[in-house]
**Q** 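The structure follows.
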Amino acid sequence: MGLSRKDLLGIQELSVEEIQLILDTAEPMRDIIRRQIKKVPTLRGKALINLFYEPSTRTRTSFELAGKYMSADTINISTSTSSAVKGETLKDTAKTLEVMGADIVIIRHGAAGAPHILSKHLSASVINAGDGFHEHPTQALLDMYTIRERKGQISGLKVAIVGDILHSRVARSNIWGLTKMGAEVCVIGPSTLLPPGIAELGVTPFTSLEEGLPGADVIIVLRVQLERQQKGLFPTIREYARLFGVTAERVGMAKPDVLIMHPGPMNRGVEIAPEVADSVHSVINEQVTNGVAVRMALLYLLAGGGGPHEAIG
């Protein structure tokens, strides 16, 4: 059984069974990445378009590798070289991509809901690679895959998400995904960076690491967007690091086998201490590898693949 939907627009709309299917299908995909020759013919003849309206290296490269490992024809379109800078609408872009014969379009856009608009005007599958402050579903999927792989399960774990929750699409997708999968989630950050009503999403908010970290099985550290400081949402970078930086001492408040995660790129010495990023607790490099596997699984499932048992071993 494959995914019964054309697009992946967000974690919020996925069922537990669909999340499980994606994570299970990523398993054989990771085996492909470990091979000496990382190439299978699964998506041969399929056209994959990376449409990025915001700069991104990690996510775009991850999708590009995922497509190439599965023999898809992969094309990158960035706004600096496309007609988007000339005021072309998403509807116009959809028509152009349609006549190009695109099979799967991966879009990152600064406006929340942009992937949803594109999907309505496109018969190809659309994958949301980050839309405004709304969602970043594939990051949450790779995070969940990494947690499950290391801990054996997600249900019953305590996961602490630390940082700028207000502006983080990674936080939103992880909150929806992890709570669906039975984790106990808490969010920790300055009160100015916690959305009002966040508890309604089924999470516990804290304004200090000392309150939120005890007993944590997993700590997801969010990247501090340095421009928030100019907007007065926290006093200084140094002050943020002092109060909310994840240091070795603070990691000691969590479980002894705690996992440290970060979506990247990191501001070392600000939200995360270098010795924590490089410690035995850190699975930050694993997240990158798992990201390619999860994105391969999605491409396979959206192209009509039948799930892990039929996936290439």
Side-chain angles (χ1 to χ4, degrees), residues 1 3 5 8-31 33 62 128 135-163 165 168-188 198-206 212-222 246 251 253-264 280-298 300-301 307-309 311:
M1 187 196 78
L3 277 180
R5 58 178 68 239
L8 179 84
L9 303 176
I11 297 288
Q12 191 178 16
E13 65 204 34
L14 291 183
S15 66
V16 170
E17 291 71 30
E18 286 174 305
I19 293 171
Q20 203 82 47
L21 174 67
I22 295 163
L23 302 187
D24 290 346
T25 308
E27 205 69 59
M29 299 304 173
R30 205 178 56 164
D31 294 337
I33 298 168
S62 186
N128 178 2
E135 278 225 47
H136 192 349
T138 60
Q139 180 67 47
L141 288 164
L142 76 89
D143 288 347
M144 287 189 279
Y145 179 88
T146 305
I147 293 167
R148 194 182 76 162
E149 211 256 328
R150 277 304 199 101
K151 296 285 188 185
Q153 62 183 60
I154 296 170
S155 182
L157 297 179
K158 178 180 175 181
V159 182
I161 305 175
V162 181
I165 311 297
S168 176
R169 51 194 174 205
V170 173
R172 271 176 191 74
S173 287
N174 264 310
I175 287 166
W176 279 315
L178 289 164
T179 52
K180 275 182 194 187
M181 300 304 282
E184 177 198 333
V185 180
C186 73
V187 293
I188 310 167
I198 183 74
E200 289 163 28
L201 296 182
V203 304
T204 311
F206 294 104
L213 287 186
D217 295 285
V218 182
I219 303 170
I220 299 174
V221 187
L222 301 173
V246 177
V251 169
M253 295 187 288
K255 293 258 184 79
D257 60 349
V258 67
L259 298 183
I260 305 291
M261 304 175 76
H262 194 298
V280 292
H281 298 288
S282 170
V283 288
I284 296 167
N285 289 333
E286 277 177 51
Q287 285 176 271
V288 178
T289 306
N290 293 342
V292 178
V294 163
R295 288 166 180 132
M296 286 171 74
L298 269 175
Y300 169 74
L301 290 166
H309 304 301

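In what follows, every heavy atom counts, from backbone to side chain, and hydrogens, waters and symmetry copies are set aside.
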**Q** Within the side chain of Q287, is there an N or O that forms a donor-acceptor pair under 3.5 Å with the backbone of H262?
**A** yes
**Q** Within the distance-only criterion (no hydrogens, no angle test), does the side chain of K151 pair as donor or acceptor with the backbone N or O of T146 below 3.5 angstrom?
**A**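 No.
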**Q** Run the side-chain contact (heavy atoms from CB on, under 4.5 Å) test on R5 and E13 for me, step by step, so that the C-alpha distance in whole Å, both residues' side-chain angles and the decisive distance to 0.1 Å come before the verdict.
**A** CA-CA 11 Å; R5 58 178 68 239; E13 65 204 34; 3.3 Å; yes
**Q** Quick one: pull up CE in M144 and CD1 in I22 and give me the separation to the nearest 0.5 Å.
**A** 8.0 Å
**Q** Taking E27 for its side chain and D24 for its backbone only, find out whether a donor-acceptor pair lies under 3.5 Å.
**A**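 Pair absent, no side-chain N/O of E27 close to backbone of D24.
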**Q** Output the distance between atom CG (N174) and atom CD1 (I11), rounded to the nearest 0.5 Å.
**A** 8.0 Å
**Q** Closer than 3.5 angstrom, by distance alone: can the side chain of E135 be matched with the main-chain N or O of Q12 as a donor-acceptor pair?
**A** yes
**Q** Atom CD in E18, atom CG in L141: separation rounded to 0.5 Å?
**A**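 Going from CD on E18 over to CG on L141, the span is 10.5 Å.
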**Q** Do side-chain atoms of R30 reach the backbone of A26 as a donor and acceptor pair under 3.5 angstrom?
**A** no
**Q** side-chain contact (heavy atoms from CB on, under 4.5 Å) between V203 and I198: does it pass, once the steps are laid out?
**A** CA-CA 7 Å; V203 304; I198 183 74; 3.6 Å; yes
**Q** Looking only at heavy atoms, what is the nearest atom pair of G291 and L142, with distance?
**A**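 Closest approach of G291 to L142, heavy atoms only: CA-CD2, 3.6 Å.
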**Q** Which heavy atom of L9 sits nearest to which heavy atom of N128, and what is that distance?
**A**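 It is O-ND2, 2.9 Å.
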**Q** Between D217 and K158, is the closest basic N to carboxylate O distance under 4.0 Å?
**A** no
**Q** Which atoms form the tightest heavy-atom contact between V258 and A216, and what is the distance?
**A** CG2-O, 3.6 Å
**Q** Calculate, to the nearest 0.5 Å, the distance between atoms CZ and CG belonging to R148 and D143 respectively.
**A**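 The distance works out to 14.0 Å.
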**Q** Between F206 and T204, does a side-chain contact (heavy atoms from CB on, under 4.5 Å) hold up when you go through it step by step?
**A** CA-CA 7 Å; F206 294 104; T204 311; 3.7 Å; yes
**Q** Is it true that a side-chain atom of S173 and a backbone atom of V170 form a donor plus acceptor pair closer than 3.5 Å?
**A**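 Not confirmed, S173 side chain does not pair with V170 backbone.
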**Q** Might you point out which heavy atoms bring I220 and V159 nearest each other, and give the distance in Å?
**A** CD1-CG1, 3.9 Å
**Q** Which distance, rounded to the nearest 0.5 Å, do you find between the OH of Y145 and the OG1 of T289?
**A** 10.0 Å
**Q** For side-chain contact (heavy atoms from CB on, under 4.5 Å), just list the numbers for T179 and L201, CA-CA rounded to whole Å, side-chain angles, deciding distance to a tenth of an Å, and then say yes or no.
**A** CA-CA 9 Å; T179 52; L201 296 182; over 6 Å; no
